[in-house]
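Presented below is the structure to which this report refers.
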Amino acid sequence: MNTLIDHIGQYTVDGVSKGAIYALVALGYTLVYGVLRLINFAHSEVFMVGTFAILVTYTVLDVQQYPALVVAIPTALLGLVVAGLASGGIALAVERAAYLPLRRKNAPPLIFLITAIGVSMILVEVFGLLLPRRIGHLLPEVFGRERAASLSVPYLFERRPVLTIGDTTIDTIHVIVVVAAVVMMIGLDLFINRTRYGRGVRAVAQDPQTAALMGVNQDRVIMLIFVLGGVMAGAAALLWTIRIGNTQSAIGFVVGLKAFTAAVLGGIGNLRGALLGGILLGVVEVYAAAITASIWEDVFAFVILVIVLMFRPTGLLGESLGRARA
Amino acid sequence: MLLELQDVKVAYGRIEALHGISLHVNEGEIVALIGANGAGKTTTMRAISGLRPLSGGKIIFNGEDISRLRADLRVVRGLCQAPEGRQIFPGMTVLENLDMGAYTRRDKAGIAADLARVYDLFPRLKERAKQAAGTLSGGEQQMLAIGRALMARPKVLLLDEPSMGLAPMLIRQIFEIITEISQQGTTILVVEQNAQQALSRAHRAYVLETGRIVKEGTGNDLLHDPAVREAYLGVA
């Protein structure tokens with residue numbers, strides 16, 4: 001307990017940068033839930049695919065650890081594009097291949113949920129088993145081992161102190177992660193609240209039938225939200241590799257569940273709730289790890305989830321993508 | 001003929017709600033469809049807008065068979081509806097709701113002109129432009145629903161029960177504005193329980209009973225038809 005109180009500033013900074021990544025992933029759950037009332041459990045693997053896209057790209061380009069800034073920045077931007085395309089693409093593919101046929105058949109919600117879990121498992125095994133067996137020899141650094149527990153992604157940026165107040169240090173990684181996450185979120189928020197397509201998304205979220213009466217093509221809105229959520233997960237994947245420096249085929253499970261918790265905590269369906277929930281969860285986790293031991297931090301995430309569901313099932317900011325101006 | 005329904009049938013599961021109705025709307029007309037609760041008025045409107053698939057018959061709009069056309073594309077063709085119960089987007093501002101009406105359009109100048117026209121018809125909406133639509137009164141919400149539909153610049157404006165839940169004075173006001181919209185050149189198909197207002201404003205009208213058209217004529221004829229008076233106007 002004393003360690004926490006003595007270093008509360010440092011723990012808070014660490015927690016915020018951790019939570020910013022959860023928040024980006026949480027947006028994908030929230031967008032899809034807001035429009036379809038579906039918990040897309042395959043979204044965790046959308047994030048995982050993003051980290052693999054980065055790993056593959058960096059391996060092919062032979063990116064080294066801690067390159068000079070003139071190399072690191074374009075490499076990071078390339079990683080963002082690649083991960084955005086891969087995650088956005090896989091999210092869209094899952095929607096078209098798995099959910100669209102179910103919607104056409106008016107399947108009950110439970111079928112969607114089970115399908116989502118099934119898709120999630122398939123993707124984990126594709127990256128953990130199938131690709132290593134099929135193309136492992138082509139890219140041994142990435143797919144050389146089956147279900148490799150930790151694949152290192154080269155660190156692009158060194159941790160260097162940027163600002164020190166008392167014994168709290170804000171370093172380069174904190175800044176990059178938080179700034180990038182906030183920029184992505186502001187972009188998404190502006191898109192949803194200020195553009196014509198964004199209005200279409202909110203209209204479908206509020207009332208799909210009336211949206212159709214206004215000429216909104218619901219199918220296109222659904223594709224759009226999967227892509228948007230995927231791109232956000234791709235950005236989160238980049239920040240994850242910058243911060244943590246490794247990935248694995250099963251990475252999505254814990255990150256995804258925490259991002260889902262963040263989405264529920266803030267109010268699922270609510271974009272700003274995802275930000276709030278993500279940051280809160282990151283901070284609480286870091287505090288919890290400081291009090292007990294880091295091995296317990298995952299437990300706290302789920303304790304919070306249970307508590308939220310018991311006392312405030314609509315989350316801190318309430319649900320709904322359309323209401324309350326997203 | 002701008003809009004024509006030919007023997008349109010709609011079923012909910014095994015229960016048929018519309019047993020083959022035929023009606024038409026000519027350019028420039030106000031056509032009313034009156035009937036009691038459950039007669040199938042809203043089902044007819046939903047079928048025209050494409051929210052309900054047909055189990056038989058055809059809908060012809062502007063010479064094109066739109067029976068199987070997706071709902072959003074019917075808006076592009078020029079059919080826009082102010083649905084029953086208004087169904088405004090409560091979380092959006094009044095202006096955003098109006099912009100939703102123009103969702104399919106790209107002609108900025110035209111949209112601005114139509115917004116000015118809607119504000120002209122409903123000055124109250126201009127005053128409340130920045131307000132969340134959910135905070136409007138029932139009458140204002142109805143104005144917003146009509147204004148929103150007008151923003152699509154429809155060839156045929158579909159109005160489903162514009163008088164629902166409104167005080168008599170407001171109902172009269174809404175129908176005065178409907179007449180004005182018609183005089184500005186928009187063709188209107190209006191579904192109503194308030195037969196008095198609808199028939200006195202409509203050029204022609206149809207009476208719908210349990211999924212069938214049982215009578216048609218000019219608004220004036222039906223207004224003075226003894227059977228209609230007894231059934232829908234509460235006059236013996």
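When reading the values below, keep in mind they use all heavy atoms of this one structure, side chains included, and skip hydrogens, waters and symmetry mates. We name chains A, B, ... by the order of the sequence lines, and we start the count at 1 in each one.
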**Report entry** Heavy atoms of other groups near A:Arg312 CZ, more than 12 under 6.0 Å
**Finding:** yes
**Report entry** Interatomic spacing from CE in A:Met214 to CZ in B:Phe89 - rounded to 0.5 Å
**Finding:** 6.0 Å
Requested in this report: Grab the two heavy atoms, one from A:Ala212 and one from B:Val75, that are nearest each other, plus how far apart they are.
Outcome: O-CG2, 3.8 Å
Query raised in the report: Side chains of A:Arg202 and B:Glu96: closer than 4.5 Å at any heavy-atom pair?
Result: yes
**Report entry** Rounded distance [0.5 Å steps], CG in B:Asp72 versus CG in A:Leu213
**Finding:** 10.5 Å
Requested in this report: Taking the side chain as every heavy atom from C-beta outward, state whether B:Gln87 and A:Gln209 have any pair of such atoms under 4.5 Å apart.
Outcome: no
Query - Enclosure of B:Gln184 CD (heavy-atom neighbours >12, cutoff 6.0 Å) - result: yes
Query raised in the report: Quick one: OG1 on A:Thr210 to CZ on B:Arg148, what's the gap to the nearest 0.5 Å?
Result: 6.0 Å
Report summary line: Within residues 99-127 of chain B, contacts to chain A at heavy-atom distances under 4.5 Å involve B:Asp99, B:Met100, B:Gly101, B:Tyr103, B:Thr104, B:Arg105, B:Arg106
**Report entry** Set of residues satisfying side chain to side chain contact (heavy atoms under 4.5 Å, CB included) with respect to A:Leu85, sequence neighbours excluded
**Finding:** A:Val81
